[in-house]
Asks: 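Please see the structure below; I have some questions.
This one's a predicted model, so the numbers in the text were calculated from it and none came from an experiment. By convention in this document, chain letters (A, B, ...) are assigned in the order of the sequence lines, proteins followed by strands, and residues within each chain are numbered from 1.
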Amino acid sequence: MLDVLVGLFLLGGGGFVLIAAIGIVRLPDLLTRMHASTKAGTLGSLLILVGLAIFVGSAAVVSKVIATSLFLLLTAPIAAHMIGRAYARTERQREADPKDSGKLVTDPR
Amino acid sequence: MNSIIFTAGARILVALVFVFSLFMLLRGHHLPGGGFIGGLLGAISFIVYALACGSEEARKALRVSPEGLAMVGLGIALAAGLVSALFGDPLFTGQWYWVGGDSYETALFSINSVLVFDIGVYLVVLGGILSLTFAFDEET
Amino acid sequence: MEALTALIIGTLVAAAVYLMLARNFMRFLFGLILLSNAANLTIFASGRMTPGAPALVPYGEDAPIGVVGNALPQALVLTAIVIGFGLLAFTLALAFEAYRRLRTMDSDKMRYAEPKEDRKG
Amino acid sequence: MAEDSDPNAPWVNVAGMTTVAITAALFVFFLLYVPEVAAGAPVLWSWDWIPSLQIRMSFWLDGLSLMFALLITGIGAFVMLYAARYLAGHPQYNRFALYLFSFMLSMLGLVLADNLVTLFVFWELTTFTSYLLIGFSHGDPKSRRNALQALLLTAAGGLALLAGLILLGMTQGTFEISEINAAGSLAGEPYYLLILLLFLAGAFTKSAQVPFHFWLPNAMAAPTPVSAYLHSATMVKAGVYLLARMHPSLSGSDVWVWVLTIFGAVTAVFASLMALRQIDLKQTLAYTTLMALGTLTMFLAGSTGYAITAAMTFLLVHSLYKACLFLTIGVIDHATGTRDADVLGGLARAMPITATMAALAGLAMAGIPPFLGFIAKEVAYAGALGMALTIFVVLMSLAAFALMFAVAAIVAYRPFFGPQGALPRKPHEGPWPMLLGPATLAVLGLLAGLMPGVTAHYLVEPAVAAVMGAPDEGGRLKLWAGFNLPLVLSLLTFALGFFLYLRHLDLRARLARIEARGPNLDARWDWLLERFMDFAKFQTRVIQTGVMRQYLFATFTVLSLAILVPLILRPVGGVTLAFAGLSLIEWGVAFLIAAGTILVVLTSSRIAALVGLGVVGIGVALIFIMYSAPDVAITQLLVELLVVVLLAVALLKMPYLDPSNRQVHRPFDAALAVVVGGLTTIVLLAVVDVPFDRRLTDFFEGASWTEAFGRNIVNVILVDFRTLDTFGEIAVVIVAALGAYALLKGGSRRAPEDEPAKGEKE
Amino acid sequence: MTAAGFLALSINIALIMILLGLAVAFVRLAIGPSLADRVVALDMMTITIIAFCGVYAVAVDDPSFLDVAIVLALVGFLATVALARYTERRFEQDEDQKGGTRRKEDDDA
Amino acid sequence: MSWLLVMPIAIPFATAVVAFLVRMSPTGRWVSLGGSILSLVASVALLVAVLEHGVIAAQMSNWEAPFGITLVADYLGVVMVVITAITGLATAIYALGEIPERVEKLGYHALFQTLIAGVTGAFLTGDVFNLYVWFEVMLISSFGLLILGGSREQLDAGIKYVALNLVSTLVFLSGIGLLYGMTGTLNMADLRGAIAEVENQGLVTVVAMMFMVGFGVKAAVFPLFFWLPASYHTPSFAVSAVFAGLLTKVGVYAMMRMFTLVFVGDIGFTHEILIWVSALTMLTGVLGAAAQTDFRKILSFHIISQIGYMTLGLALYTPLALMGGVFYLVHHIIVKANLFLVSGVANKLAGHTDLNRIGGLYKSSPFLAALFIVPAFSLAGFPPLSGFWAKYLIVKASIELDAWLIAFVALFVGLLTIFSMTKIWGMAFWKPHPDGYDPTPDRVPDSVRIPMMIPIVGLAAMTIVIGFFPEPFVQFAEVAAMQLLDPAQYVEAVLGAQAEVQADLQADAPAGLQPDATTEEEQP
Amino acid sequence: MNAFVINVILAFAWAAMTGEFSLASLMTGAVLGFFALWLSAPLTGIERLYFVRSYRIARLALYFLYELLLSSLRVAWDVIRPYPRNKPALVEVPLDVQSDLEILLLTNLISLTPGTLSVDVTPDRSTLLVHAMFADDHAAVVAELKNGMERLVAEVFEK
Ligand code: NA
Ligand code: NA
């Protein structure tokens, strides 16, 4: 029974991860894409970790899973914020400069 | 950089990663981890610091020069090897002193040269990588 | 898996060689990173690959149970990774400084130690 | 070189006088051995130098070496005395004295050596010291060039000689010349011809046989005492000495006879003609030296007592008169400031002693009785008549001797008694230290002729015996040997010589015209060197292009060849690609790595390349994760992370990645890349096909906890089983950091004012 | 289907989904177009690896792979932060150059 | 005993640590000097021990071979260690005069000492992966030293040097991996037995060739030497002297070690190739030198040319040839380091290393001239200097094998070496200075010149001593060569009792069939 | 937070008592210690705030997890549906919370919850720039954030 639960967690986690990945390809602009990676990706990983915790069941692993989850919840949004911020800053500056009507943040070669 | 969010996060993360690096160092003999990984993590904690507050601040937080720290680490590693001379063993022979028992099976924990060596490794990696990173950061 | 790894290594090596032969020294650096990875994998694969069994002695045991991953190549690769990182970091610093002073990354144009004048007649 | 010297400067100094004294003492020392050696008892002195290589420092004093030793020390002492006065006040006189003395010792060692290696050591030392002497006027480019020419030519011969003597020593099992010679002629033994040719190459270059002759006249760039010494008595005779020394073992074949005869004869005649053609008296003498060397070589081709006696006698005579004449020319040069044959004349009045000496030497050279020169000529003709190629040898001897007669008149008669031209300085008699030597030598030439028996008994015959490798019956040196064919030839020589002297100006002009049309070997030498330099530069340009990617291309090409060739030539066996049992996941990781790799290769965006590298790193880490290496995976990920961080920091300041895949060389690069990659795969596949020996791993797994008290075997290997690796590795990290730090911090912020802090001048 | 069988199946499916996620994320990485897009993709990949470690730990029943996940959760954001910083600086640099105020490099020609 | 092997490595490391920590004060250089002296003492002690006991080995961390890492000193190894210490001391003294404070503060002495440590480690280790580690220690230290100063030439040179050396390193590393994959062991002595039992000997040859390429780049043989002439003329003179003396020799040493101890199964192929590589190395190197007009560039190309002699000694693979190779190694380190040191003094006095722009040194600095003549003509193989005996041995070995073409090349290259050395002599010493001044010694303060001259005098004296009294050195080289050709003593010193077990197994077991029984027996 | 320190000490004490310094035993010790502190609060004089705050933290955590799940599902749906339809926009939210930690917590939570992503905080800490995925009505987005997450965060830190 526990195995089924674990399996479900894994499947759910894997699904979210995959969806998040698809999201960053499908969604139209960068900030929207980041919604996918930040939320769905994080949740996917968390689900999988929970699955692992249930599967192994030892206190050591549970505590490690909790630690990992907390670390992830702490760092993932920060990372997202950093990208978003960099993107937003450059975007805003470009908007202020009408000559630059092309891509946001040109790709530096 | 001066992102408030990142700086605030860094405050927690620096300490967290640093403690974690020590954790990885100390457990390394029995589980994944060890001096390298610990040192790399330790360096990363200060790199986070440097990213948040600038490498000047990070240097200050480190208190000693990273190059010096690395060199001291090398010295410690070497000393951990040389100490076996006192016991008539070849270089780097592990010297173990068991606390709370008389063998690895019964003892609570041990004081040993192998860990000292790993601490040396930790310091070298920490100092070396920080030295590199700070230099890069300051020169760009 | 060794066979597949061999293919991966071959790909990495080919890409690395191609990159290293480029004129831009940054490409050389990229090639170097790939080649380091290839060399590390070579050692790893040479020690044969065992899936899913880290070389740990479980608590309460005197030796690993069953077949576990070959620890020696792992240790060697670890060493090689760190050494490779050191070398790479230095090389990066060199490239950086070279660009700062020579104002080029084109190795064809780096002709200070062996200047073109030397080549005439 | 006299230009740097000061005629009024004090000339007695420690360096000069010590060398003279020691040399004179050595002369006396050797003189004391004359009776003993003449009695047929050679002296051997030997020290086990390098026993592991059977090389002894051994010396052998027999007739031949004694004669040479006496000439070397005797003439040497006079030359050194002369030089002290000649170069008085010269700022580099002390060096000169040192070189000359070293040269004398080297020469002495050469002629005394009984061990081939010992001989070679001294042989090369003479080459080296003569290089320093010829280039003594080092401010003059010509002087430097000529010194180099002499050095290279004689060193080249020396190297041939080295090969020859190694081969000789190897085949004979000993390097001791006396032992080799005792075994008699080697003709017919394996390697004989090769040994002979190698020895001849050494001897001919050293003794300036045509076509290696051209360095010798050029070597006249040296100060006169050097010319007198090197080119009369000593160095150039080293080659002749070698031929004489090795005569017992190396002669005895047709090759020996033909080669020596032809080279010797051609050299002799060519040189005497060239001597006639010169205006500078020193050059004239230089060519007569060549002539003498040719003659000696020619006679050494023979194996009869007469031929050898001729050689030995002529050797003696020539040393005496040639040294004398050289020194005399030096005196004239010193006194008048010129050596031009056309200008010099009528000096007898101002320089009577010099004139007398020159006359005596000239007579000896011309072979007028009762000088030893006459006897030598007689014996020579006698010898020639008994040699193979008789007519050729006789005719060539006749030509050479006749020309020598003419030259003797030009050098010894005309400057003193001929018409005088416009001299740069008013002539005066030379100072006594410069006269003592030539005078003694001139007188000795006369005395030796007057007492042929003594000369023969004490000097010539022991030498001949040594060369022949057998006791000599002697009795060939006579002032009056009866009316015979040699005498007729002698008279013919005088007539012809006199005629040549009368017509010498005319001849000189004609010879000059011929010379201008013929091949100029000296110019050829320059040409050869230039072509050599061109070639050297060309090949260096081709190899050392200065372009890094070409270096890398070559390196990778070599690597692929190094793998490919044995792969083809050696039975490596086929390789199998076994993908059975691989899950989708493994393939997925493989494709991920491949995708990352391709991205890095194809992109021209730096950041895309960077993240591509990140992907590769992640993929590799996945392999480590899947295949039981969590430590490695963590390290890989952390290092990858740091690489990305560092690159991101650094890339900021770096230029764009120009799309460089369109250059001409890229297809070749790609082909090479594919080859190297493919070979790597094949080799690895073959390697993992070999059954694996888990000995070490088994040990580590067993001992990790029970003996090293750690449960993480990888870490235990790192910090216990193989600590030294880890130690070295952290040293790498630290040094890399130091190096990068020094680069980044030290390069741009360098203050130029800093530099001279420790007295630098940069 | 037994519980264990279900678990095995879910593990495989989860792994495949995660790898697919990696592949999809790679597409965004490769096509960009902006630097921030690529960074987002790389960030996504980091999270995916955490998920992978979790599933793999279940698959081989060895929690030591959780250590990899912890490390990544804790420090994986660093690359993102560094690259985001790069984006921002790069942009500033471009702006500088456009304004004709290209900073003079310390070139001691 | 084990500590004797450790100290020559440990002392430079300890010195590096201390010297770095005090690098901001002038104490640093005295620490470095003191460390170099101690290193020499330790090396000599090791030499004495080896002379007394033959090959000695020590198991690091007290794990018996082949499980731990073994340090071994045989004759070849120990003489290289001693000569390294000598070169190290010489350059440490020289550095007192040459190296400016600015560079010292960047950690010159630490880098220098780790370089020495790396080189020494490479000479002493008996483990092939450990050899790689020491190579890297040496390499990275040399990187750092090469670019200290940061001139444009140095940066350009550094790029090429680093690039090519890194490639070779990775080839070497992959080779180690593959070798391990075939044999399961890393200990060189153990490899000797293990590799003989690999069934696929063709594959062994392939891997051997990879090693040859890897070492070939380090040793700077044809056609892998590009990095050397591209870089050796750019660092400070003390550094280039150490490089010139030691670095390529480590490559040669490694080649000698691996291709006598491990890769001896296909001599007809590997060593034959090496013969022609050596010949071409000699020729291209010497021609390259002929094309140069810079003091140090000429010397750099000559390194290549001379490397050819050393590898030839290995390639010919006879006792005499190996003896010559060993002798050549030792002689060349002393001589070539010295020539670079002389070039530094010449540069200080006359102001440049471009021969067209200097001159007059013979007239105004006769002492320096004499000190140039000794190593220069030794290099050119003039008797009775050390180089002559080296050349003699190699040529004799070639002739003994009837390898006439090789002998000719060796001799001809000797002649061209004379040409280059006299070119330097003619242009730097004999020719008057083109700027018309006399480069007298007093142009440089005593505090700079004297430390620079001391090592030159010392090394020249060694050249002369070896030349005049070669017997002990020849004897030494002979034993070294014998140990290389028949490594039984080496193997036994490393593996101890196991060597016999292995030998028995090799004798009993049918070829290619390795009984797994060894594993049990060897487990303590 | 003296109480927290004591709690940590208790956790370690527990670990020492059980003789097992694992993370698990520490966690157990922490929970048990918390319970013990709660029981002994009147005696030790530990403020009630500690326990209240702990409760609020737990409540926040649960709320957050719920929101995370919700938001992920919404994003997932948006990703999967054939024609993703959203109206993204940058929304400026005035900030009441001021301390670093509060801002960090708030922004992180906002990032992880439905439709919103913290992008930047102005240097004067007065405004938070949020990227909203479904920003049909800016005011509604602002109100939701201020009443939901910010309130809960502020409560955790309030005395
Ligand atoms: Na140890
Ligand atoms: Na050389």
Asks: On a heavy-atom basis, which atom in F:Ser174 and which in C:Ala39 lie closest, and how many Å separate them?
Replies: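 Heavy-atom minimum between the residues: OG-CB, 3.7 Å.
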
Asks: Pick whichever of C:Val13, C:Leu32, C:Leu29, C:Val77 has the most heavy-atom pairs under 4.5 Å with chain F.
Replies: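 Counting heavy-atom pairs under 4.5 Å, the top option is C:Leu32.
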
Asks: Could I get the full list of ring pair (Phe, Tyr, Trp, His ring centres under 6.0 Å) partners for C:Phe85, not counting sequence neighbours?
Replies: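 So C:Phe85 forms no ring pair (Phe, Tyr, Trp, His ring centres under 6.0 Å) with any residue.
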
Asks: Look at C:Asn70, C:Asn40, C:Ile83, C:Thr91 and state which one has the largest set of heavy-atom pairs under 4.5 Å with chain F.
Replies: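 Looking at each option in turn, the highest pair count goes to C:Ile83.
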
Asks: If I compare all heavy atoms of C:Phe25 with all of F:Ala163, which pair ends up nearest, and what's the gap?
Replies: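 Nearest pair, atom of C:Phe25 first, then F:Ala163: CE1-CB, 4.5 Å.
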
Asks: F:Leu173 and side-chain contact (heavy atoms from CB on, under 4.5 Å): which single residue from C:Ile43, C:Leu35, C:Thr42 fits?
Replies: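 It is C:Ile43; the other options fail the test.
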
Asks: Applying salt bridge (charged side-chain N to carboxylate O under 4.0 Å, His left out), can you list everything that pairs with F:Lys160, at least two apart in sequence or on another chain?
Replies: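 Result, salt bridge (charged side-chain N to carboxylate O under 4.0 Å, His left out) vs F:Lys160: C:Glu114, F:Asp156.
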
Asks: More than 12 non-hydrogen atoms from neighbouring residues, nucleotides or ligands closer than 6.0 Å to CZ on F:Arg357, yes or no?
Replies: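 12 or below, so no.
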
Asks: Could you tell me which portion of F:Leu179 (side chain, backbone, both or neither) has an atom closer than 4.5 angstrom to a non-hydrogen atom of chain C?
Replies: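 Neither the backbone nor the side chain of F:Leu179 comes within 4.5 Å of chain C.
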
Asks: Of the non-hydrogen atoms in C:Pro73 and F:Tyr180, which two are nearest, and what is the gap between them?
Replies: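 Nearest heavy atoms, C:Pro73 then F:Tyr180: CD-OH, 3.5 Å.
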
Asks: To the nearest 0.5 Å, tell me how far F:Leu170 CG sits from C:Leu34 CG.
Replies: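 With rounding to 0.5 Å, CG (F:Leu170) is 11.0 Å from CG (C:Leu34).
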
Asks: Under a 3.5 Å distance rule, please check whether C:Arg101 uses its side chain to pair with a backbone N or O of F:Gly150 as donor and acceptor.
Replies: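 Side chain of C:Arg101 to backbone of F:Gly150, a donor-acceptor pair under 3.5 Å: yes, one is there.
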
Asks: Say whether, by atom type as modelled, one donor and one acceptor occur between the side chain of F:Arg152 and the main chain of C:Met110 under 3.5 angstrom.
Replies: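 Absent.
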
Asks: Would you say the side chain of F:Thr234 lies within less than 4.5 Å of the side chain of C:Tyr112, judging by non-hydrogen atoms?
Replies: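 No - every pair of side-chain heavy atoms lies 4.5 Å or more apart.
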
Asks: Hey, are the side chains of F:Val162 and C:Phe90 touching, using non-hydrogen atoms and a 4.5 Å cut-off?
Replies: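 A side-chain contact exists here, since the closest heavy-atom pair is under 4.5 Å.
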
Asks: When rounded to the nearest 0.5 angstrom, what distance separates CG in C:Leu76 from CD1 in F:Ile176?
Replies: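 Between atom CG of C:Leu76 and atom CD1 of F:Ile176 there are 8.5 Å.
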
Asks: So which of F:Thr169, F:Leu139, F:Leu186 has the largest heavy-atom pair count under 4.5 angstrom toward chain C?
Replies: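 Looking at each of F:Thr169, F:Leu139, F:Leu186 in turn, F:Leu186 comes out on top.
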
Asks: Between F:Ile159, F:Ile140, F:Asp294, who has the most heavy-atom pairs with chain C when the cutoff is under 4.5 Å?
Replies: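 Among F:Ile159, F:Ile140, F:Asp294, the one with the most close pairs to chain C is F:Ile159.
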
Asks: Determine whether F:Phe129 and C:Leu72 make a side-chain contact, defined as any pair of heavy atoms from C-beta on separated by less than 4.5 Å.
Replies: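 A side-chain contact is absent here, since even the closest heavy-atom pair is not under 4.5 Å.
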
Asks: Out of F:Gly158, F:Gly175, F:Gly184, F:Ala230, return the one with the most heavy atom pairs under 4.5 angstrom to chain C.
Replies: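 Going by pairs under 4.5 Å, I would pick F:Ala230.
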
